[in-house]
Enquirer: 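Have a look at this one.
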Amino acid sequence: MEGVKELARAISEAQRIVVFTGAGVSTESGIPDFRSPGGLWSRYDPSQFYFQRFLSDQEARKTYWKMYREFYAVLHRAQPNEAHYACKRLLDMGKLLAVVTQNVDGLHQKAGVPQEMVLELHGNAWIVRCLSCQRSYTSHQIEQWLNSGVEVPLCESCGGLLKPATVSFGQSLPQDVLRRAERHARECDLMITAGSSLVVYPAAMIPLIAKEAGAKLAIVNLDPTSYDDRADILVRGSAGRVLMEAVGQAA
């Protein structure tokens, strides 16, 4: 595939690699892109899911948790794919500085990348927190409640609203995670973006920060992105197949 050899060469030469992953990596594990045809936003009105709406409207909370009940059924079956395992191979090669991800599925960790090296810009769906007392619950526990007929889960400790530890519309990205992602972007010598359309901000600024700091920028995606003209290496194709092939050639 055109560009794979060039990417393999860049990986071989690099010492500090950041991999930036988007929804296209999750879809290869069977987790639908919310925005794609047939995704959740084609069946639910995204305006229902703004954070302030969640806080103020009981019916919006019911709709939110109905959607999450569907999402959990998919999330809890999902397994890492070649893109996740390619990141683990970069770690084993001593080249991985960090994974910066827009995904909330925890599959990088499941593939063996340590939690501290996975910067989750949009949070993690496996954790549910009380917005009042911050008590944490597992998504499996909340899924059991939803499947038993609970429409809006509430905290067992204080009765407060529970919400997955993910970033909703109207919420800011976790600033500590964003700062670490920006720092690693400036430190890396190769930034590989995989499966991201690079249109969701401020997350999409991370690859540009790396490029402007002097790193090579490689973009692996099935479709064109708005940063293609800035890329040093551009590969059209499946994130998992391309990354695993390139890492295999570089090893």
Enquirer: Does the Arg16 side chain pair with the main chain of Glu187, one donor and one acceptor, at a distance under 3.5 Å?
Expert: yes

Enquirer: Nearest 0.5 angstrom please: Gln134 CD to Cys158 SG, how far?
Expert: 9.5 Å

Enquirer: Taking side chain to side chain donor-acceptor pair (under 3.5 Å) as the definition, give me every residue that meets it alongside Tyr227, ordered by chain and number, with sequence neighbours left out.
Expert: Tyr201

Enquirer: Just to verify, what does Ala246 make a side chain to side chain contact (heavy atoms under 4.5 Å, CB included) with, not counting sequence neighbours?
Expert: Val4, Leu7, Ala8, Ile11

Enquirer: Which donor-acceptor pairs under 3.5 Å do the side chains of residues 49-56 make with protein atoms, sequence neighbours left out?
Expert:
unit_1: Arg53; atom_1: NE; unit_2: Asp57; atom_2: OD2; d: 3.3
unit_1: Arg53; atom_1: NH1; unit_2: Ser47; atom_2: O; d: 3.4
unit_1: Ser56; atom_1: OG; unit_2: Gln52; atom_2: O; d: 2.9

Enquirer: Of all residues at least two apart in sequence or in a different chain, which pass the side chain to side chain contact (heavy atoms under 4.5 Å, CB included) check with Thr193?
Expert: Phe20, Met191, Leu198, Pro207, Leu217, Ile219

Enquirer: For a 4.5 angstrom cut-off between non-hydrogen side-chain atoms, does Val150 reach Trp65?
Expert: no

Enquirer: What's the separation between atom CG in Leu96 and atom CE in Met117, rounded to the nearest 0.5 Å?
Expert: 4.0 Å

Enquirer: Can you list the residues that meet the side chain to side chain donor-acceptor pair (under 3.5 Å) rule with Ser12, with sequence neighbours excluded?
Expert: none

Enquirer: Are Tyr64 and Leu75 grouped together when hydrophobic residues (ILVMFWY) are joined by side-chain heavy atoms under 4.5 angstrom apart?
Expert: yes

Enquirer: My understanding is that only residues two or more places apart in sequence, or in another chain, count here; which of them pass side chain to side chain donor-acceptor pair (under 3.5 Å) with Glu212?
Expert: none

Enquirer: Do the side chains of Ile31 and Phe71 get nearer than 4.5 Å, heavy atoms only?
Expert: yes

Enquirer: Side chains of Cys155 and Ser132, heavy atoms from C-beta outward: is any pair under 4.5 Å?
Expert: no

Enquirer: Nearest 0.5 Å, what's the NE2-CZ distance between His184 and Arg180?
Expert: 5.0 Å

Enquirer: Members other than Leu222 in its cluster, when Ile, Leu, Val, Met, Phe, Trp, Tyr link by side-chain heavy atoms under 4.5 Å?
Expert: none

Enquirer: Mind listing the closest non-hydrogen atom pair of Ile233 and Ala10 along with its distance?
Expert: CD1-CB, 3.6 Å

Enquirer: Is Lys62 paired with Glu151 through a side-chain N to carboxylate O contact shorter than 4.0 Å?
Expert: yes

Enquirer: List for me each residue that meets side chain to side chain donor-acceptor pair (under 3.5 Å) alongside Thr166, sequence neighbours excluded, and say none if there are none.
Expert: Tyr68

Enquirer: Are Leu90 and Val242 grouped together when hydrophobic residues (ILVMFWY) are joined by side-chain heavy atoms under 4.5 angstrom apart?
Expert: yes

Enquirer: Evaluate Glu82 against Leu243 for side chain to side chain contact (heavy atoms under 4.5 Å, CB included), listing each step before the verdict.
Expert: CA-CA 7 Å; Glu82 286 186 311; Leu243 290 183; over 6 Å; no

Enquirer: Nearest heavy-atom pair of Ser29 and Asn81: which atoms, and what distance?
Expert: OG-ND2, 2.8 Å

Enquirer: Might you point out which heavy atoms bring Cys87 and Val19 nearest each other, and give the distance in Å?
Expert: SG-CG1, 3.8 Å

Enquirer: I'd like to know if the side chain of Arg77 and the backbone of Ala73 have a donor-acceptor N/O pair within less than 3.5 Å.
Expert: yes

Enquirer: Can you list every pair that meets side-chain hydrogen bond (donor to acceptor under 3.5 Å, both in side chains) and has a residue in residues 168-178, with sequence neighbours left out?
Expert: Lys163-Ser168, Lys163-Gln171

Enquirer: Grab the two heavy atoms, one from Val74 and one from Pro32, that are nearest each other, plus how far apart they are.
Expert: CG1-CD, 4.0 Å

Enquirer: List the atom pairs, donor and acceptor, that lie under 3.5 Å between side-chain atoms in residues 104-112 and the rest of the protein, sequence neighbours left out.
Expert:
unit_1: Asp105; atom_1: OD1; unit_2: Leu107; atom_2: N; d: 3.0
unit_1: Asp105; atom_1: OD2; unit_2: Ser26; atom_2: OG; d: 2.4
unit_1: His108; atom_1: NE2; unit_2: Thr21; atom_2: OG1; d: 3.0
unit_1: Gln109; atom_1: NE2; unit_2: Gln115; atom_2: OE1; d: 3.0
unit_1: Gln109; atom_1: NE2; unit_2: Glu120; atom_2: OE2; d: 3.0
unit_1: Lys110; atom_1: NZ; unit_2: Ala78; atom_2: O; d: 3.2

Enquirer: Hey, could you give me the CZ/CG distance between Arg61 and Leu162, rounded to the nearest 0.5 Å?
Expert: 11.0 Å

Enquirer: Do Leu190 and Val25 belong to the same hydrophobic cluster, where Ile, Leu, Val, Met, Phe, Trp and Tyr are linked whenever their side-chain heavy atoms lie under 4.5 Å apart, directly or via other members?
Expert: no

Enquirer: Evaluate Val247 against Met93 for side chain to side chain contact (heavy atoms under 4.5 Å, CB included), listing each step before the verdict.
Expert: CA-CA 10 Å; Val247 170; Met93 291 162 68; 3.9 Å; yes

Enquirer: Does any non-hydrogen side-chain atom of Pro114 lie less than 4.5 Å from one of Leu91?
Expert: yes

Enquirer: Find out whether Met67 and Glu70 are in side-chain contact, i.e. whether some heavy atom of one side chain is under 4.5 Å from a heavy atom of the other.
Expert: no

Enquirer: Is there a side-chain contact between His122 and Val200, using heavy atoms and a 4.5 Å cut-off?
Expert: yes

Enquirer: How close do Val128 and Ser139 get, heavy atom to heavy atom, and via which atoms?
Expert: CG2-CA, 4.4 Å

Enquirer: Taking only residues two or more places apart in sequence, or in another chain, which ones meet Glu182 in a side chain to side chain contact (heavy atoms under 4.5 Å, CB included)?
Expert: Leu178, Arg186, Ile206, Ile209

Enquirer: Using a 6.0 Å cut-off, check whether atom NZ of Lys211 has over 12 heavy atoms from anything other than its own residue.
Expert: yes

Enquirer: Report the residues that fulfil ring-ring contact (aromatic ring centres under 6.0 Å, His included) with Trp126, sequence neighbours left out, ordered by chain and then residue number.
Expert: His76, His140

Enquirer: Could you grab the distance from atom CG of Asp228 to atom CG of Asp223, nearest 0.5 Å is fine?
Expert: 10.0 Å

Enquirer: Find the distance between CD1 (Ile142) and OH (Tyr72) and round it off to the nearest 0.5 Å.
Expert: 6.5 Å

Enquirer: Applying a strict under-4.5 Å side-chain criterion to I, L, V, M, F, W and Y, I'd like to know whether Leu121 and Leu208 cluster together.
Expert: yes

Enquirer: Is Glu28 salt-bridged to Arg241, going by a charged N under 4.0 Å from an acidic O?
Expert: no

Enquirer: Measure the shortest side-chain to side-chain distance between Val18 and Val99 over non-hydrogen atoms and say whether it is less than 4.5 angstrom.
Expert: no

Enquirer: Do you reckon Leu97 sits in the same ILVMFWY cluster as Met205, going by side-chain contacts under 4.5 Å, direct or chained?
Expert: yes

Enquirer: Which heavy atom in Asp232 sits nearest to a heavy atom in Ala215, and how many Å separate them?
Expert: OD2-O, 4.1 Å

